[in-house]
Amino acid sequence: MTAPHKNVPPGLLFEPFKIKTVEALPFSSQREREQWIQDVHYNVFALNSAQVMIDLLTDSGTSAMSDLQWADMMKADEAYAGSRTFLELQATARELTGMPEILPVHQGRAAEHLLFSSLLSGGETIPSNGLFDTTLANIQDCGATGINLPCAEALDPFAENPFKGNIDLEQLEKLLAQKDSKIPLVVMTITNNTGGGQPVSYQNLEAVSKLCKKHKKFFVLDACRFAENSYFIKSREAGFANLSPREIASKCFALCDAVTFSGKKDALVNIGGLLCVRDAALGDRLKNRMLVVEGFPTYGGLAAYSMAAMNQGLHEVLDEKYLEYRLRTISWIVERLAAAGVPVLRPAGGHAVYLEASNFFPHIDRENLPGIALTTALYTEGGIRGCELGTVAFGYRDSHGKHVLPHLDLVRLAIPRRVYTEAHMGYVVNCLVDMHRRRDDFVGFEFLEEFPVLRHFRSKFRKLGS
Ligand SMILES: Cc1ncc(COP(=O)(O)O)c(C=O)c1O
């Protein structure tokens, strides 16, 4: 990264902030952790956060906020209607997205729920580069089906391709051209969380936009990580190096009809989201619906102080120094793991490090849940909490009860924004390298109690041989 001084050691993560408030790390022993994880049947979602030393479960809602965000929270106007804070947020979001209709919501899935329940009536198919689990759940809740059409490069977890978040345009075109298909809209997720936090190129978004116009489809951008995606475009796509992340983001937003946005990622806040739409009549319908399920349109599901923090976060996240540091953090970890032979998804994505669990533990059969073996080992060995996003999260049973496995068996280590330091990340790397060296010592798992939807959140597991 660009060092602010020539004497910054190369490769070092030069954090572009100083720390004003600190929170103690909860230390624990391996023996304690072995007991705690056994008590919750090996599901890390059931642990208390006090039992976790380095929490990489999610990058959602876990950002450290800045002094300016906290200051703006104090200045927020909590009026029920016509709040000054809402008007400020509305101005920022309008300028950034170019969308006139700005609806504040309590988090991303509320935006998804509002939009999809207004546009879908059942029986539709929704194509995407990669639907996040809540997005898919909201589509299914409306009686529609989601279908992911990742580009071919995304199928190889170790291929170094700059835009593995892209959609397969040929497949999309084929689907949209089918006469009897019921496809009202297309969703593009930037970055593609489900596919490894991989970016989508501007060229790919532009092509999707053209296809949507040609086939008269509504184009939705799930823009949780729009700033990270913009910086990837700036640094990897020809012709964008001289544009600012803000200019690139605005160009991307100009391509679509609606934006669903979880502020818990790239607005650097602990709660909040936005639904932005171009069409005034749709905006009106959504506001009427919003009154029933979220709140009055000038506060949505939020306190004004949360809207204030989101407004300031939307400015801070587009700072180039921050984005450079942010993406460098992930690549710093990935480079070290790859050099040590740890099977890590490449190239580095924007918000998380993804490990391929079935490659990490090749001796554990995929039906014996190598991802749960890995999340358990990471926790017991290092006090580190990651998230299984493989067989448990995205697999399911067929009508004969047989496992249907997803293409990749990933474990995600999501990096909270502005929270951990280089020393913490170095510790995570060392734990993983050490575990990988001793990989034959670890055993598989089976379901003890299996939940029907979003299985990773609440299912319970049994360690084989215990
Ligand atoms: C790509 C993507 N879309 C939507 C969501 C849902 O956002 P929220 O958790 O704010 O409801 C998430 C959350 O992680 C996400 O990663």
Side-chain angles (χ1 to χ4, degrees), residues 45 55-63 93 103-117 126-141 146 148 150 154 164-167 185-200 205 220-230 232 249 252 256 258-276 290 293-294 300-302 306-307 309-310 313-314 317 326 330 349-354 385-389 393-394 410 412-417 453-454 456-457:
F45 278 92
D55 204 347
L56 309 183
L57 189 65
T58 179
D59 65 318
S60 179
T62 51
S63 297
L103 287 69
V105 290
H106 78 275
Q107 62 183 97
R109 70 199 68 184
E112 293 163 5
H113 170 70
L114 273 170
L115 186 67
F116 297 144
S117 63
I126 310 300
S128 174
N129 59 332
L131 296 163
F132 184 64
D133 55 15
T134 62
T135 323
L136 178 62
N138 267 301
I139 287 170
Q140 290 170 337
D141 202 47
N148 290 340
K164 286 165 91 173
N166 284 355
I167 196 167
L185 58 95
V186 177
V187 178
M188 287 294 285
T189 311
I190 56 170
T191 57
N192 185 351
N193 186 3
T194 311
Q198 296 292 318
V200 180
L205 289 173
V220 180
L221 212 51
D222 174 346
C224 294
R225 300 177 179 86
F226 75 97
E228 290 168 7
N229 202 76
S230 297
F232 275 122
C252 295
C256 68
V259 175
T260 57
F261 177 65
S262 167
K264 299 171 74 174
K265 287 80 170 171
D266 272 356
L268 302 168
V269 290
N270 306 125
I271 195 71
L274 292 172
L275 174 56
C276 314
M290 187 178 174
V293 294
E294 281 283 292
L302 293 170
S306 292
M307 292 193 287
M310 192 153 62
L314 284 171
V317 79
R326 171 73 179 155
I330 317 298
H351 67 288
V353 173
Y354 291 73
R385 176 155 68 169
C387 179
E388 200 267 10
L389 287 178
F394 295 118
L410 300 176
R412 185 185 73 180
L413 306 180
I415 314 297
R417 295 168 178 79
V453 285
L454 301 174
H456 53 309
F457 286 124

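Counting starts at 1 for both ligands and their atoms, in listed order. Heavy-atom basis, side chains included; hydrogens, waters and symmetry copies ignored. Since we're looking at a predicted model, the values are computed, not measured.
Taking atom 3 (N) of ligand 1 as the reference point, the nearest protein heavy-atom neighbour is D222 OD2, 2.7 Å. Of the protein's non-hydrogen atoms, K265 NZ, 2.8 Å is the one closest to atom 14 (O) of ligand 1. The single protein non-hydrogen atom nearest to atom 5 (C) of ligand 1 is F132 CD2, 3.5 Å, given as residue, atom name and distance. Ranking the protein heavy atoms by distance from atom 11 (O) of ligand 1 puts R109 NE, 2.7 Å first. In this structure, the protein non-hydrogen atom closest to atom 4 (C) of ligand 1 is E112 OE2, 3.1 Å. Of all protein heavy atoms, the one lying nearest to atom 10 (O) of ligand 1 is S262 OG, 2.6 Å.
Listed for the S306 side chain is no donor-acceptor partner under 3.5 Å among the backbone atoms of L302. Here the side chain of R412 pairs no donor or acceptor atom with the backbone of A352 at under 3.5 angstrom. Side chain of N229 to main chain of R225: no donor-acceptor pair is present (N/O by atom type, distance under 3.5 Å, no hydrogens or angles). Under a 3.5 Å cut-off, the side chain of N148 and the backbone N or O of L131 do form a donor-acceptor pair.
Partners of R417 under the side-chain hydrogen bond (donor to acceptor under 3.5 Å, both in side chains) rule, at least two apart in sequence or in another chain, are D59, E228, D266.
Using a 3.5 Å distance cut-off with no hydrogens or angles, the side chains of T191 and Q198 do not pair a donor with an acceptor. Donor-acceptor pairing under 3.5 Å is lacking for the side chains of S262 and Q107.
Considering all non-hydrogen atoms of both residues, N129 and G165 come closest at ND2-O, 2.9 Å. Across all non-hydrogen atoms, the minimal contact from M310 to G263 is SD-CA, 4.0 Å.
Taking every non-hydrogen atom of T134 and a distance limit under 4.0 Å, the qualifying atoms of ligand 1 come out as 4 (C), 5 (C), 6 (C). Here is the list of ligand 1 atoms found below 4.0 Å of a heavy atom in G108: 7 (O), 8 (P), 10 (O), 11 (O). In the vicinity of K264, heavy-atom distances shorter than 4.0 Å reach the ligand 1 atoms 10 (O). Proximity to T189 (heavy-atom distance under 4.0 Å) selects the following atoms of ligand 1: 1 (C). Every atom of ligand 1 is numbered from 1 in the order shown, and the set under 4.0 Å from a heavy atom of R225 is 1 (C), 15 (C), 16 (O).
Both the backbone and the side chain of Q107 come within 4.0 Å of ligand 1, counting heavy atoms alone.
Looking at G61, A352, C224, A137, it is C224 that brings a heavy atom closest to atom 2 (C) of ligand 1.
For the ligand labelled ligand 1, residue G273 lies outside the 4.0 Å heavy-atom shell.
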